[in-house]
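Take a look at the structure set out below.
Only this structure's heavy atoms are used, side chains among them; waters, hydrogens and symmetry mates stay out. Computed from a predicted model, the values in this text were never measured in an experiment.
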Amino acid sequence: MSAVPSAPASSTWAPLRRHVFRALWFAQLGSNVGSWMQSVGAQWTVVHQPNAATLTSIVQAASLLPVLFVSLPAGVLADVLDRRRIIAVLTAVMVVITGILAVLSSQDLVTPATLITITLLLGVCQALMSPAWQAIQPELVPREELPSAAALGSLNVNIARAIGPALAGFVLALTGPAVVFGINAVSDLLILVAVLMWRRTATESAGPAEPLVPALRAGIRYVRYAPGVRRILVRASVFVLPASALWGLLPVVAADRLGLGSGGYGVLLGALGLGAVGGAVLMRPMRARFGRNTLLGAATIAYAVGVFAAALLPNAVVVAVLLVLGGAGWLAGLSTLNTTLQLALPAWVRARALAVYLMIFLGGQGVGALIWGLVAAGLGAATTLAVSGVLLVLGAASLFVLPIHARTGELDRTIVTPWPEPEIAVLTGEEETVDPAAGPVLVEVAYHVPAESSAEFLALLTRVGVSRQRTGARRWSAYRDLSVPDRYVEVFEVATWAEHLRQHHERITGEDAGLYREVAGFSVEPPQTRHLLAN
């Protein structure tokens, strides 16, 4: 595994010096505390029902599974609409839904089916909002502070995890779940107020807003042709699928194996959160000393220790202590994956690619919780957790053969315009205009390359082809001219003229532009470009 530092490390706390980031961060902290209180209240509502292991896992799955179905469309919306407005509207809807749950609970009208349904609705809202929330982070801090911002985001969640469950256990013991649900509704208002106070600077585009369906295709195409991004998604799935067992089964372990009440369960969740807080504080020196793969491997092993403790140890105090280590591992793994992905993405597709990541990470938690709950119904919670711990260890070992690519997250993702404006013939004394919806467009780029450089040129041209497809081309090929042996022609097809103009103005990064200049340098004369439009 690489020992090369992943990125220059800025102060962990630097983003909090920025007013908008600070206001949103503290508002999110209050909301996250309420969300964790809600999670504990919801799971504890069903923990004494028949088939408790299955029901608690279904409750968790209901909050996470919607990300599989709505996250990618939500990412498209976050890339083409005002992200601030998306967050504000969805937060207001969540306040109403949670308020309804609190009222129903106060009247003893909440059945398992009702609870799962409302949890599912809240999960849909959260899944719709998450890509926009993730994508605004680079708008709030400069690039060099993104690792610290990501660590603070994870720290936020885990401070809430340390406070929320314990507070929920206390409130449940004194009152009941209705008060817990009501507190969550009030906490979401903090987000709404902070977002409404933020005066977001509108981003300018060179053309009209991208239509939703083409934007969806463009996002999927980008991920398909971005090897570094794909590897991060693979690593996220390898980590989260076995890791989800602990979150789904911990309430059953607390109640049945350790004999704890709601307060004890809150303490165990608080131990995970406390460990995550410590992990966030240590992330800056660890990033400066170790590479991403080393950090991710160590984080996975640390989390596995917490899983084995919950599965095998009979003493609740010892389990809580080792869950602190597990919480630090969870934070370090999540922060490493999230930061690397944020740094790897250009602005034009950030929300869409992050939506795919959220589909895998949060959806993986939902699917995993459901699967592990069903397995636990047959094998028991302790055995199921032990199996998931073994899978975590194997996942850490797999980093030797499937590591995060070394340069991922360190590439130049600044948007540039390296190409000249497409030439359009003058037919009638006035410049011909092209309908943006016209297409497909076929682009030819001809190079004259000496024979002694052809092998190196073709290898580099293949990388150019990946870049063309990542930024909008739906087909790409390279040909050699049989009549002129040193002439090579690169051909790619774009769906519409508007899509090709977006390639020119909105999608080419500094890394792409450097690649184009490098391949053009092999040609003994400037490459010649032609644009052909289908009739």
Side-chain angles (χ1 to χ4, degrees), residues 28 32 35-36 39 57 60-75 78 123-124 126-135 137 146-147 149-151 153-158 160-161 219-220 223 226 228-248 272 276 279-280 292 295-297 299-300 303-304 307 326-327 329-345 350-372 388 391-392 395-396 398-399 402 404 408-409:
Q28 187 186 26
N32 283 336
S35 295
W36 276 104
S39 178
S57 295
Q60 185 181 12
S63 68
L64 297 172
L65 282 179
V67 76
L68 291 175
F69 307 103
V70 304
S71 187
L72 191 51
V124 170
Q126 190 64 51
L128 286 169
M129 184 168 60
S130 290
W133 188 268
Q134 291 280 333
Q137 301 307 308
L146 271 178
S154 298
L155 174 64
N156 190 306
V157 173
N158 289 288
R161 183 182 284 130
I220 295 172
V223 172
V229 171
R230 292 202 311 270
R231 184 60 61 85
I232 295 171
L233 299 179
V234 169
R235 294 312 320 177
S237 63
V238 169
F239 177 69
V240 76
L241 285 171
S244 61
L246 181 61
W247 300 111
L272 283 166
R292 293 184 178 89
L295 277 175
L296 185 57
T300 306
Y303 187 79
V307 172
W330 174 263
L331 182 283
L334 178 60
S335 179
T336 299
L337 291 166
N338 189 281
T339 299
T340 306
L341 184 60
Q342 288 269 14
L343 291 173
L345 296 172
R350 182 176 291 124
R352 279 165 279 187
L354 285 169
V356 177
Y357 170 77
L358 291 170
M359 285 175 63
I360 290 175
F361 201 88
L362 297 180
Q365 287 185 61
V367 171
L370 188 58
I371 292 173
W372 292 119
S388 74
L391 292 177
L392 283 165
S398 73
L399 278 162
L402 285 174
I404 296 173
T408 298

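- For the residue pair Tyr357 and Leu334, the shortest heavy atom distance occurs at OH-CD1, 3.6 Å.
- Rounded to the nearest 0.5 angstrom, Leu295 CG and Thr336 OG1 are separated by 4.5 Å.
- Leu402 contributes atom CG, which lies 11.0 Å from atom CD1 of Ile404 (distance to the nearest 0.5 angstrom).
- Separating the CH2 atom in Trp133 from the CD atom in Gln126 is a distance of 9.5 Å, to the nearest 0.5 Å.
- Atom CD1 of Ile220 is separated from atom CG of Leu72 by 5.0 Å, given to the nearest 0.5 angstrom.
- Side-chain atoms of Ser237 come within 3.5 Å of backbone N or O of Val234 as a donor-acceptor pair.
- Separation of atoms CG (Leu358) and OG (Ser130) is listed at 5.5 Å; rounding is to 0.5 Å.
- For the pair Arg235 (side chain) and Gly395 (backbone), a donor-acceptor distance under 3.5 Å is present.
- Contact record, Ser388 with Val307: OG-CG1, 3.4 Å, taken as the closest heavy-atom pair.
- Checked against Leu341 for a side-chain contact (heavy atoms from CB on, under 4.5 Å), the options Leu345, Thr339, Leu343, Asn338 give a single hit: Leu345.
- Of all non-hydrogen atoms in Ala74 and Ala127, the two that sit nearest each other are CB-O, 3.8 Å.
- Across Gly326 and Leu272, no two heavy atoms sit closer than the pair C-CD2, 4.1 Å.
- Between Trp247 and Trp330, the ring planes are perpendicular. Angles over 60° get that label, and only those under 30° would be called parallel.
- In this structure, Leu296 CG and Thr300 OG1 are separated by 4.5 Å, a value rounded to the nearest 0.5 Å.
- Summarising the geometry of Gly333 relative to Ala299, their closest heavy-atom pair is N-CB, 3.4 Å, with the distance given to 0.1 Å.
- Contact between Ala236 and Phe361 at its shortest, heavy atoms only, is CB-CD1, 4.1 Å.
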